[in-house]
Amino acid sequence: MGVAYAAPTAVFVAVFFITPLLLVARMSLSSWPLLTGNGGLNFPKNYLSIWKNALFGPAVVFTIEYTLIVTVLLIGLGLGLALLVQERGRWVDMLRTVILLPVSLGLAAASLLFWGFYSPSIRPINPILEQLGLIHDPISFLGTSLSALLSTSFLIVWKYSGLYMLIFLVGLQAIPDDLFEAAALDGASRIQVFRHITLPLLRPSLALALILCVTGSLLAFDQFYILTKGAPDNSTVTVVQLIYREAFQKQNLGTSAAISIMVLVALLVLNAVQFRYLRSSEPGLKR
Amino acid sequence: MTTTRRGTLGRTLYYVLTGGLAIIFLFPLLWSLAASVSPQASTGQVNGFGLGLDLTLTSRQSVPRRT
């Protein structure tokens with residue numbers, strides 16, 4: 001009977017997850033031009049050619065930099081916002097809605113919106129900053145590698161901090177009030193309460209947020225494709241953009257699949273390490 | 001500083017901070033709304049409102065279907 005219940009899910013997983021994965025694995029071992037199809041076994045040339053690709057190293061470094069910046073900002077801001085809006089009230093309810101609004105926007109739509117924002121020809125920000133006397137010369141938001149990285153990170157933080165706020169808000173609401181009341185009776189300060197009660201009990205939410213954020217950032221594509229297309233001078237090419245370029249510009253599905261498999265393995269290892277670390281230090285968990 | 005005064009200051013700071021956050025989160029959306037009713041697309045024209053963009057959209061032809 002149990003098998004019958006599990007069968008639909010098993011079929012779904014097999015068709016939509018395992019089969020494409022096996023196809024990509026096979027592709028990564030083959031010479032597979034986009035237009036002519038499978039050209040036979042090519043192992044290990046696809047994997048070796050990745051290391052010869054001049055863009056691979058910089059793309060990996062850039063993706064890691066982007067992941068670090070976005071993860072720190074999103075988790076910090078998400079937690080801060082959750083703490084800020086955890087008490088209910090009319091103003092707080094409105095604020096929660098406002099912060100959550102960008103989450104409802106698609107990433108491509110949000111990227112296009114910010115492209116207009118940052119664009120030198122449309123540029124609503126520079127005139128405002130000039131009028132406020134904050135800048136004298138227009139800022140080139142996407143002109144340099146660093147400014148493009150920060151501008152794109154800002155877009156992602158703007159778009160997703162509401163989601164992380166929601167994750168932390170759910171975690172905060174799951175903490176029993178008794179603990180806070182006991183801490184108040186014991187004369188604990190706000191910082192002590194945060195450090196010894198809130199933070200340890202938020203660990204499951206932190207784990208979820210960390211895994212979502214790191215995985216999402218390492219797989220970043222849309223925002224850079226729309227905002228920078230790798231410019232300036234290929235300095236903002238992410239690993240997934242490299243996969244896209246190999247597949248659809250160089251028309252080499254074999255190498256593209258090989259990079260995909262490497263990214264998949266890296267993500268599996270990273271998530272396993274994160275899970276292990278966060279579970280092993282979970283309070284009260286006996287192993 | 002008395003408790004009441006500290007409370008008022010704290011509340012003011014809270015409203016300034018959350019008000020600033022609300023502006024940061026709302027501004028891009030409001031700007032896109034305003035830009036969507038600007039008279040002409042991609043001209044930098046900022047005065048006045050119009051439905052030029054929507055008319056441009058409606059005048060676009062759909063891709064003919066293969067029969």
J.: Just wondering, are more than 12 heavy atoms of other shown residues or ligands nearer than 6.0 Å to CD1 in A:Ile191?
T.: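 It does not: A:Ile191 CD1 has 12 such atoms or fewer within range.
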
J.: Can you check whether B:Phe27 and A:Phe117 have ring centres sitting under 6.0 Å from each other?
T.: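 Ring centres of A:Phe117 and B:Phe27 closer than 6.0 Å.
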
J.: Mind ranking A:Val92, A:Leu113, A:Leu101 by heavy-atom pairs under 4.5 Å with chain B and telling me who comes out on top?
T.: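 The option with the most such pairs is A:Leu113.
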
J.: Chain B heavy atoms under 4.5 Å from A:Leu95: which part of the residue, side chain, backbone, both or neither?
T.: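 The side chain, not the backbone.
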
J.: Under a 3.5 Å cutoff, is there a donor and acceptor pairing between the side chains of A:Thr236 and A:Thr228?
T.: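 Short answer, yes.
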
J.: Under a 4.5 Å cutoff for heavy-atom pairs, which residue among B:Leu21, B:Leu17, B:Leu26 has the most contacts with chain A?
T.: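 Most heavy-atom pairs under 4.5 Å with chain A: B:Leu26.
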
J.: Quick one: does any side-chain atom of A:Gln241 pair with a main-chain N or O of A:Thr238 as donor and acceptor, under 3.5 Å?
T.: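 Yes; judged by distance alone, with no hydrogens or angles, the pair exists.
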
